[in-house]
Amino acid sequence: MSDHAPSPQELVQITYQPKGSTDWLEPVATLSKGRYCYSAAAKNLNAMDLPNPREWQPFEEDWKLPPDWQKIILNGMQARLKKFRSFRLFMDICVRCGACADKCHFYLGSGDPKNMPVLRAELMRSVYRRYFTVAGRLFGKWAGARDLTVPVLKEWFYYFYQCTECRRCSVFCPYGIDTAEITMIARELLNLVGVNVNWVMEPVANCYRVGNHLGIQPHSFVNSIEMAVDDIEDLTGIRIEVPINRNGAEVLFVMPSADYYGSPHYYTLLGYLMLFHEIGLDYTISAYAAEGGNFGLFASNEMMKQLNYKIYAEARRLGVKWLLGGECGHMWRVLNQYMDTMNGPADFLEVPVSPVTGTRFENTRSTKMVHICEFTADLIHQGNLKLDPSRNDQWRVTFHDSCNPARGMGLLEEPRAIIRSTCNQFYEMPENTIREQTFCCGSGAGLGTDENIEMRMRGALPRANAVKYVQQRHGVNMLACICAIDKATLPTAMNYWVPGVEVGGVHELLGNALVMQGEKERTTDLRSEPLKEKEKEAPVHA
Amino acid sequence: MRAVDNAEIDGIAKAWLIQVVQSFSLQGQPFLEQKKDPFRNPMGHAIQENLPIVLQEILGGMNRPRLAAALEAIVRIRAVQEAAPSKAVEFLFQLPLILREQWKAWSAEQEEVLQHTQQAALIAFDLYMACREKIFALQADEARRRTAQLERVYQRMEAEPR
Ligand code: SF4
Ligand code: SF4
């Protein structure tokens, strides 16, 4: 009977070559709810002096575009083709080989062909062809070109906000085409006519005015740190000091604001502070450079530059020697890849040297900023920390490589080295889902909002599927990561796809294992959950 | 009920899979091509793994926990792809049509299979609702976590003597 069934080859023939058919040139007719983010509120655009502030929503028919919106976009495109060589190259050189097609988590979770990176890029390339190439001008549709119409613009909004700029596709492209950069340009162009999302623009505006994503005043920042100091005292019996805005410290430590406002991020903060106390680091945190995160990255390069400015400015003001940065993904994309060219050179700083081990971080010679995982892994490697991994025995851990540190800066071994030294039970997910090939959380690049949850859950499926594998095989119950967006959104994804797996930071695990001088016997972990062996002992004393 | 051997189940499952793939409005190849690697194709893998189990149970013993687990794996994916429950569980309603086609004669015994399909559909509807409810709960939970520590800060500030 099975003979009657067609072979896979006979089934729907997918084509990675949009030239073969022109169906894809038709823009999608409806934007489905749950798959887009709401528009940016006018007040947030006003705060940043951005064009076309108004009240509108993607589900409305009329997006209230400026009358000459088409001209604005095309001029913007032309300017960027001139300014960014990579952009022109990416528009020209794709051979539509399809190597990237099934590498995007949104495609794998949705099956929507326009989520294949190659087609996502074609959405813009088709317009490029129409207005900037001879063939496109002459042959239109037959050369894969299409007019820039309102439906096409809406489609750009839809699909370029279904890309988390994770760059997984670029790993597989033989030409190194980075669809993430095409998405970035698309969003810049959309910004020119006031088509942007609130989940990006509100943090941007808050950050610009008050200094952090939530727009919380500096005294609350100080209160959070005081609370962390109290919590650490409860846990260890040690009263630590956390310097804020201290002039002349050796190191300025910068972290994403979620570390002091959100859960489970906060436990990572406790871990950092315990570590700094234990090694006697001469450091300060700052109430001005209190947000390492930079949602400007998801809006435009100018915005990113503007928000990043405060990091070096504060380092200069406080007279520190070098910078140390906490666990965050997109923050490191900005710090590692763009900061020194945007707001540098940081010639007033010194090449970072660990005051404990003497290691010189040559890799940070230009930015002068060290990742906390590099710093801690070095301390462990040189035997400078006393660790008791059994205090993490409640966790069977796997590690999620966050896109930016993994693909953007090659930070692959350091977090693993820390986990191996602080946990007895560590299990890797399958090889094609980690390291450079890691699957995105599905919520990065400003997509991590409530109303977009269906899209996010689809995007998280490939990641969750790999977690499920190690859960079933090894009983994994902790997904460790080094990104604030991961910590905010992966718990939701885990809860949906793989219930029973918690999410935590690598420095939370470190804080649990770190044996501090003069500490009292620990009875709980940083989450105030009883330690594993204590649970066992309890009945004896009862 | 008429005995159905493995080869036959295989054939029906294949025919069903094709319809499912089409009704998901997906393009089929990535599904079927990458059978061996569940990590390159999680959705295709879940459907391929679980559709035959659903079929076996509908044609055979109707072991409810086994049936529900297999249905859940598919419906959980559909619940974030289709807001309409009718679309999300449509695949179960395709099965009787395929069986009719394959078996030609529709004997009284096979009415039982039809009943099983209906029961499976009811289970799938419940699972779909549970997934959607979970999504709403998760949204609320995420919003709470976002400022969980800040709320503690505010509580401490209020509790402090002035
Ligand atoms: S892998 Fe590169 S060249 Fe091939 S289709 Fe994708 S973007 Fe184009
Ligand atoms: S950058 Fe990531 S999200 Fe964007 S198309 Fe590539 S794989 Fe998909």
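Letters A, B, ... are given to chains in the order of the sequence lines, protein chains preceding strands, and every chain is numbered from 1.
- Using modelled atom types and a 3.5 Å distance limit, the side chains of A/N212 and A/N206 yield no donor-acceptor pair.
- Interface check for chain B: of the options A/P491, A/A228, A/S220, A/P264, the most heavy-atom pairs under 4.5 Å are formed by A/P491.
- The choice from A/E226, A/R456, A/M455, A/E451 that makes the most heavy-atom pairs within less than 4.5 Å of chain B is A/R456.
- Using a 4.5 Å cut-off between heavy atoms, A/D450 contacts chain B through both its backbone and its side chain.
- Under the 4.0 Å criterion applied to side-chain N and carboxylate O atoms, A/R168 and A/E436 are not assigned as salt-bridge partners.
- Side-chain contact, A/T438 with A/R463: a donor N or O sits under 3.5 Å from an acceptor N or O.
- No other option in A/H265, A/K487, A/R35 has as many heavy-atom pairs under 4.5 Å with chain B as A/R35.
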What do the steps show when you test B/F39 against A/Y469 for ring-ring contact (aromatic ring centres under 6.0 Å, His included), and what is the final call?
CA-CA 9 Å; B/F39 305 106; A/Y469 176 79; 5.1 Å; yes
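- The two residues A/P203 and A/F295 have their closest heavy-atom pair at CG-CD2, 3.7 Å.
- With no hydrogens or angles considered, a side-chain donor-acceptor pair links A/Y272 and A/D259 at under 3.5 Å.
- Checked by atom type, the side-chain pair B/R145/A/S263 shows no donor-acceptor distance below 3.5 Å.
- In this structure, chain B has a heavy atom under 4.5 Å from the backbone of A/Y260, while its side chain stays farther away.
- For a residue to count as touching a neighbouring chain, one of its non-hydrogen atoms must lie under 4.5 Å from one of that chain's; by this rule A/S224 touches chain B with backbone and side chain alike.
- The closest side-chain donor-acceptor pair between B/Q155 and B/R152, if any, does not fall under 3.5 angstrom.
- Using a 3.5 Å distance cut-off with no hydrogens or angles, the side chains of A/Y38 and A/N452 do not pair a donor with an acceptor.
- Remark: B/R76 qualifies as a cation-pi partner of A/Y496 under the 6.0 Å distance and 45° angle criteria applied to the six-membered ring.
- Checking B/E142 against A/T492 by side-chain atom types alone, a donor-acceptor pair falls below 3.5 Å.
- At a heavy-atom cut-off of under 4.5 Å, chain A is reached by B/C131, B/R132 from residues 124-133 of chain B, listed in order of number.
- Ranked by non-hydrogen atom pairs under 4.5 Å with chain A, the options B/I77, B/T147, B/D141, B/V80 are led by B/V80.
- Interface remark: of the candidates A/T449, A/T433, A/N432, A/N432 forms the most heavy-atom pairs closer than 4.5 Å to chain B.
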Exercise. Under the side chain to side chain contact (heavy atoms under 4.5 Å, CB included) rule, what do B/L55 and B/W16 come out as? Steps first, then yes or no, please.
Key: CA-CA 9 Å; B/L55 185 62; B/W16 194 14; 4.1 Å; yes
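- Heavy atoms of A/L269 lying under 4.5 Å from chain B are absent altogether.
- For a residue to count as touching a neighbouring chain, one of its non-hydrogen atoms must lie under 4.5 Å from one of that chain's; by this rule B/R156 touches chain A with the side chain only.
- For B/R144, no part lies near chain A; criterion is any non-hydrogen pair under 4.5 Å.
- Neither the backbone nor the side chain of A/A258 has a heavy atom closer than 4.5 Å to any heavy atom of chain B.
- In this structure, the portions of A/P462 lying under 4.5 Å from any heavy atom of chain B include both its backbone and its side chain.
- The contact between A/Y267 and chain B is made entirely by side chain atoms (from C-beta outward), counting heavy-atom distances below 4.5 Å.
- Every residue two or more places apart in sequence or in another chain was checked for a side-chain hydrogen bond (donor to acceptor under 3.5 Å, both in side chains) with A/T398, and none qualifies.
- Proximity to chain B is absent for every atom of A/K468, based on heavy atoms less than 4.5 angstrom apart.
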